[in-house]
Amino acid sequence: MKLTADFHTHTPYSHGKGTVLENAVRAKELGLLSVGITDHGFSHRCFPLKHKDLPALIRDCREAEEKTGIRVLVGMESNIRGVSGLCDLTEEDYEHFDLFLAGIHIIIRYEHFSDRKIGWGNWMRKKLHMKPSPSIVRETTRAYINAVEKNPVDILTHLGYQCAVDAAEVAKCCRDRGTYIELNSKKEHLTDEELSAVAATGVRFLIDSDAHTADRVGDTLRVEEQLARVGIPLGQIDNIDGRMPVFRFAEYKKHM
Ligand SMILES: [Zn+2]
Ligand SMILES: [Zn+2]
């Protein structure tokens with residue numbers, strides 16, 4: 001299995017250590033065709049990409065692209081801010097970005113006070129090894145599905161990480177909308193059983209490193225270990241073995 005691109009990496013624009021150029025150079029060394037620079041969305045309370053830094057981020061990506069000759073995508077790992085599916089990458093900023101990732105994180109500005117349950121509520125239950133209630137699974141699943149239905153999300157990051165979700169239901173929505181499910185090599189997220197059920201929906205996958213340091217760009221080890229156990233068809237993964245994905249956000253922007 002050979003990776004063709006890594007679409008989820010962080011830089012000091014949020015809390016990564018490798019610069020845009022360092023991540024791109026590492027990707028080039030590995031023979032990747034493209035790297036996504038995807039720092040945390042504006043509503044992250046500790047490590048947000050700042051709106052005022054957008055011009056510098058875009059400039060860094062374009063310079064890295066020129067220096068390495070690989071495609072360097074200006075992306076965001078946006079936060080799903082509530083059950084409504086509201087993301088912090090919104091239409092007014094679409095013009096600045098090439099790549100739209102979305103995921104659930106804890107320390108963010110939620111849309112409503114009650115939306116803390118999909119972040120903090122889930123996190124607390126995991127920490128205390130409590131069985132998730134049917135309502136929290138339902139609301140978390142609804143948050144993911146609404147995010148995919150209401151926004152042109154390219155990739156759902158680390159589905160189910162620190163939260164309880166009906167992953168197969170989310171996958172059906174992703175399959176129908178053309179959103180990729182990420183196999184994240186940094187974080188344990190889907191269980192083997194969940195991954196098997198998700199794959200059975202026919203959804204398409206991408207493998208990402210979620211690198212916070214340049215040396216981890218292109219890392220696939222954790223995912224390869226899980227794939228060896230679960231055995232899903234590699235043809236369902238669109239950033240390996242010469243394949244490259246077709247992204248929904250870029251298509252959406254052509255018709256704006
Ligand atoms: Zn994340
Ligand atoms: Zn990330």
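Order of appearance sets the numbers: ligands from 1, and atoms from 1 within every ligand.
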Handout entry: Sidechain-backbone polar pair: Asp219 side chain, Ser209 backbone, donor-acceptor under 3.5 Å
Key = no

Practice task
Looking only at N, O or S atoms, find the one in His158 nearest to the Zn ion (ligand 1) and name it.
Solution key: NE2

Fill in the blank from the handout: the Zn ion (ligand 2) -> Glu77, closest N, O or S atom is OE1

Problem - Minimum-distance atom from the Zn ion (ligand 2) among N, O or S atoms of Asp210 - result: OD1

Handout entry: Cluster check Ile136, Tyr144: I/L/V/M/F/W/Y, side chain < 4.5 angstrom
Key = no

Practice task
Please round to the nearest 0.5 Å and tell me the distance separating atom NE2 of His44 and atom CG of Asn79.
Solution key: 6.0 Å

Handout entry: Test item: side-chain donor near acceptor, Asp39 and Ser14, under 3.5 Å
Key = yes

Exercise for the section: Could you check which N/O/S atom of His8 is closest to the Zn ion (ligand 2)? Expected result: NE2

